[in-house]
Engineer: 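Before I ask anything, let me first share the structure, which is written out below as structure tokens.
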Amino acid sequence: MNDQPLEDHFVVCGWNAQGSRMIDDLLSVRPPLRVAIVCRRPAEAIAALPDHPNFSFWRGDPSHPATLQKVNVASARAVVILAERGEKSRTQTVDARTILTALSIRRLSENIFILAELRRKENLDLVLDAGVDEWVMADHFSGAMLSQSVQSPGLSELFTKLFETGAGYVLSAQPVPDRLLGQYFSRALPQTIEMGLGALAGLQRDGELFLPPAEDLLLGTKDQLLLVRPISSR
């Protein structure tokens, strides 16, 4: 455990299968971020906890203010509440614990950013009333998406719209239209919108993703454009 005071850190409340990748991503940022987990499980029950000087594990109930004070949540940069479920946990019970945890966090800090996983969308109003800033549906987001969302508030809405079935936006890949061949990526940006293809986010070339590529990269016949468009677009 790191003996340095916990400040400007990320707190992860609870644990599930997405936690490992999320924490690995947060610890890989340069300069490294500080991460503290607080959950009811013992450390030995969680596989692959990182051995990293910027990581610490605390056992306790994250819905209790006294437990949150141990990880100095009031001085944290942001908090992620994972939808922690045990063998006998019902989805309603999981969301109830998320709400209790959010309320406890808000008692200690009015301004900290809180991102929470939600098991049942009908509980959304209760979660927001508890002080959660942004939410995602559990099992719809990967650990990598969670780590990006907690570092950049607002991204969770984009991810939700991209991956929500039947609504929002869709990410698609398609060959470069003849009109854009040989043009710079930067000059193709407004043209894909004019052509009704969507917003140009990047491209794929020889199996490698460029998000985004250099502005002076020339578009070729083997490239695939990565486009974001409303799902209702034709």
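What you are looking at is a predicted structure, and each value in this text was computed from that prediction instead of being measured.
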Engineer: Provide the closest heavy-atom pair for I81 versus A102 in the form atom of the first, atom of the second, distance.
Structural biologist: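 That closest heavy-atom pairing would be CD1-N, 3.8 Å.
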Engineer: Please list all pairs meeting salt bridge (Lys or Arg N to Asp or Glu O under 4.0 Å) that have one or both residues in residues 54-83, counting only residues at least two apart or in different chains.
Structural biologist: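 Sorted pair list: D8-R77, D61-R97.
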Engineer: Working note: V11 + V80, criterion side-chain contact (heavy atoms from CB on, under 4.5 Å); need CA distance, chi angles, decisive distance, verdict.
Structural biologist: CA-CA 6 Å; V11 176; V80 182; over 6 Å; no
Engineer: Does either side chain, that of D25 or that of Q151, offer a donor lying less than 3.5 Å from an acceptor on the other one?
Structural biologist: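 There is no such pair between these side chains.
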Engineer: Is V132 reachable from M137 through a run of hydrophobic residues whose side-chain heavy atoms are each under 4.5 Å from the next?
Structural biologist: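 M137 clusters together with V132.
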Engineer: Nearest 0.5 Å, what's the CG-NE2 distance between L33 and H52?
Structural biologist: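 NE2 of H52 is found 9.5 Å from CG of L33.
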Engineer: Which atom pair, heavy atoms only, marks the closest approach of P50 to D24?
Structural biologist: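 Looking at all heavy atoms of both residues, the closest pair is CB-OD1, 4.4 Å.
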Engineer: Which residue pairs satisfy the side-chain hydrogen bond (donor to acceptor under 3.5 Å, both in side chains) criterion with at least one member in residues 181-191, sequence neighbours excluded?
Structural biologist: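 For residues 181-191: R179-Q191, Q183-Q191.
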Engineer: Does some side-chain heavy atom of E134 sit less than 4.5 Å from a side-chain heavy atom of F113?
Structural biologist: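 Side chain of F113 against side chain of E134, heavy atoms only: contact under 4.5 Å found.
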Engineer: Looking at side-chain heavy atoms only, is the closest gap between K121 and W135 below 4.5 Å?
Structural biologist: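 Of all side-chain heavy-atom pairs linking W135 with K121, at least one is under 4.5 Å.
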Engineer: Mind checking whether I112 and I99 sit in one hydrophobic cluster, side chains of I, L, V, M, F, W, Y counted as touching below 4.5 Å?
Structural biologist: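 I112 and I99: one cluster.
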Engineer: Taking all non-hydrogen atoms of both residues, which atom of P42 and which atom of F57 are closest, and how far apart?
Structural biologist: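 Scanning both residues completely, I find the closest heavy atoms to be C-CZ, 4.0 Å.
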Engineer: Could you give me the CA-CA distance, side-chain angles and deciding distance for D133 and R106, then say whether salt bridge (charged side-chain N to carboxylate O under 4.0 Å, His left out) is met?
Structural biologist: CA-CA 11 Å; D133 295 292; R106 279 288 170 248; 2.9 Å; yes
Engineer: Identify the heavy atoms of S104 and P65 that sit nearest to each other, and give their distance.
Structural biologist: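 Shortest heavy-atom contact: OG-CD, 3.7 Å.
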Engineer: Hey, mind stepping through D223 and Q204 against side-chain contact (heavy atoms from CB on, under 4.5 Å) and telling me if it holds?
Structural biologist: CA-CA 6 Å; D223 294 336; Q204 184 177 33; over 6 Å; no
Engineer: So does E110 have more than 12 non-hydrogen atoms from other groups sitting under 6.0 Å from CD?
Structural biologist: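 Counting other residues, nucleotides and ligands, CD of E110 stays at 12 neighbours or fewer.
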Engineer: So, are D95 and R119 salt-bridged, with charged N and O less than 4.0 Å apart?
Structural biologist: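 A salt bridge is absent here (no side-chain N lies under 4.0 Å from a carboxylate O).
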Engineer: Calculate, to the nearest 0.5 Å, the distance between atoms CH2 and CG belonging to W15 and L82 respectively.
Structural biologist: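 Spacing of CH2 (W15) from CG (L82) equals 7.5 Å.
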Engineer: Between L219 and L225, does a side-chain contact (heavy atoms from CB on, under 4.5 Å) hold up when you go through it step by step?
Structural biologist: CA-CA 9 Å; L219 302 179; L225 300 182; 4.2 Å; yes
Engineer: The test is side-chain contact (heavy atoms from CB on, under 4.5 Å); show your working for L227 and L200 and say whether it passes.
Structural biologist: CA-CA 5 Å; L227 300 154; L200 183 55; 3.9 Å; yes
Engineer: A36: what forms a side chain to side chain contact (heavy atoms under 4.5 Å, CB included) with it, not counting sequence neighbours?
Structural biologist: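 Side chain to side chain contact (heavy atoms under 4.5 Å, CB included) list for A36, sorted by chain: L6, H9, S56, W58, V71.
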